[in-house]
Visitor: 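Okay, here's the structure, questions in a sec.
In this text the structure is predicted, and so the values were computed from the model without any measurement.
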Amino acid sequence: MRKQIVRSSVRRRGLAALPLVALALGACESSTLGPAAFESIPCELPFSTYSSIYAQPFQPEAVRSALLHAAGPMTSALGSGAAVDHVRTGLLELAETLGNRAPVECRQLTVVSEALTAVPTAPGMLADRDGIRLIIALAAGALPQSVRVR
Amino acid sequence: MSNGPARRRVARRAFVTTGALVLLAASGLSAQRCIHPLDAPPAWISAGGARTSSEGWIGGVEVGRRLNSSISAFGGAEMTDFDRSEIDRTAFRLGGLYRLEGTSPVAACVTAAAEHERIDGLRVYSFPAGVTLGLPWTSDDGSWRFAPLVESRVAYRRATIPGFTRISQPVRVRGGAVLGYRQVFGEALYDRGIVDGRDWTVGVQLGFSF
C-alpha cells in the first residue's frame with residue numbers, strides 16, 4: 001500500500017515536470033529576429049529609421065514601386081542569409097500593405113531596419129544597402145506621426 | 001464615423017471583462033493560488049491593477065479553483081492601457097498548478113499556463129512554466145494569514161506579425177506578498193523580465209474566496 005502511494009507521488013511529480021521538459025525542447029527552436037518589433041507594447045519607430053530624409057507628406061502608393069525594387073534587385077545584391085531574407089520579406093509585405101495598418105507596418109519596418117543593419121557589409125553592396133535604407137526612410141515617412149515619436 | 005474606434009474599444013473592454021468572469025476555473029500567475037489554505041473555500045476571484053515600465057496601466061480579473069489537495073486550475077484576462085497610444089493590449093490565460101507536498105514550512109508549487117496576447121497586429125502565444133515558493137504564516141485563530149513569495153518562470157513565446165514569427169524563451173521573476181483575513185486577501189507584487197526583456201510591473205490585487 002505504502003509503495004503504491006510512493007509510486008503515485010513520484011508519477012505525479014513526473015507529470016508536473018512535463019511542462020519544463022517541453023520548454024527545454026522548445027528552446028531548441030530560436031529566431032534570428034530581434035526583439036524590438038515583437039514586444040507587447042505599441043510600436044514606435046526609432047528616430048534613426050527616418051531621420052535621414054525630410055519629405056513633405058505623401059501617399060503610401062508613391063513609394064510602392066520603390067519598395068518592390070528594393071525587395072528585388074537591390075536586396076539580391078546583398079547576397080544571401082537569414083538577415084537578407086528578412087529584408088526581402090519585410091519589403092515585399094510593406095509594398096503590398098503600406099498605408100493600411102500603421103502599427104503593423106511600424107513593426108515590419110523595425111524588422112527590416114534591424115535586419116539591414118545585421119547584413120554583413122562588403123564594398124560592392126554599399127550602394128544597394130544605402131539605397132534600401134533611403135527607401136525604408138521614405139516608407140517610414142508615409143506612416144502617421146503617431147508611430148514616429150521615439 | 002469618428003466614434004467607431006471608441007465604440008470598438010468599449011466593446012473590446014466589455015468582452016475582456018465578461019470573458020474573464022465566465023471562466024469557471026481560473027486565476028493568473030498569482031501567488032494566491034499556491035498558498036491558498038486547504039481549509040479555505042476552494043474557489044477565489046480577484047481583480048487588480050498594475051503599472052508597467054512601458055508606461056501603461058494594467059487591469060485584470062482572475063478566477064481560480066482548487067480541484068484537490070494538490071491541483072488547482074486558474075485563468076484570467078487583463079488589458080493594458082498605454083499612456084501615449086490609443087492601442088490596447090489584451091491577454092487571456094488558462095493554466096494549472098501542482099502543489100508539491102512535503103513537511104517543509106515552505107509552500108512550493110509548479111505552474112504551467114497557456115497565454116494569448118494581442119496588441120494590434122501582434123499576436124503572441126506563450127506557454128510559461130514556473131516554480132513558486134512561499135512561506136505561509138497563519139495566526140493562532142486562523143483568521144489572518146501572510147506569505148512572502150518568489151516565483152520564477154520560463155516560457156516558450158511565439159510572437160507573430162504578418163510576414164514574421166519570432167520564437168523566444170523569456171525568463172521572468174516575481175516577488176510579492178499575500179495578506180489575507182478570513183476569506184478576503186490582498187496581494188502586492190513586483191514582476192521583472194531577466195532574459196529577453198527587462199520590463200517590470202508593480203501591482204496589487206484584491207480578492208476573496210468562496
Visitor: Let me confirm one number: the CG-CD1 distance from A:L33 to B:I161, rounded to the nearest 0.5 Å.
Guide: 8.0 Å

Visitor: Provide the closest heavy-atom pair for A:S40 versus B:R89 in the form atom of the first, atom of the second, distance.
Guide: O-CD, 3.6 Å

Visitor: Side chain, backbone, both or neither: which part of A:Q108 has an atom under 4.5 Å from a heavy atom of chain B?
Guide: both

Visitor: By a 4.5 Å heavy-atom criterion (distance strictly below it), what part of A:R101 contacts chain B: side chain, backbone, both, or neither?
Guide: side chain

Visitor: Report yes if the side chains of A:R107 and B:I119 come closer than 4.5 Å at any heavy-atom pair, otherwise no.
Guide: yes

Visitor: Considering all heavy atoms of both residues, which atom of A:V104 and which atom of B:G121 are nearest to each other, and what is their separation?
Guide: CG2-CA, 3.4 Å

Visitor: So which atom in A:E93 and which in B:G163 form the shortest heavy-atom distance, rounded to 0.1 Å?
Guide: OE2-CA, 3.6 Å

Visitor: For a quick test of reading the model, state the closest non-hydrogen atom pair linking B:R157 to A:F38 and the distance between them.
Guide: NH2-O, 2.9 Å

Visitor: Would the number of heavy atoms belonging to other residues, nucleotides or ligands and lying under 6.0 Å from CD of A:Q59 be above 12?
Guide: no

Visitor: Report yes if the side chains of B:T52 and A:I41 come closer than 4.5 Å at any heavy-atom pair, otherwise no.
Guide: no

Visitor: List the atom of A:P103, the atom of B:D120, and the distance in Å for their closest heavy-atom pair.
Guide: CB-OD2, 2.9 Å

Visitor: Just wondering, are more than 12 heavy atoms of other shown residues or ligands nearer than 6.0 Å to CZ in B:R118?
Guide: no

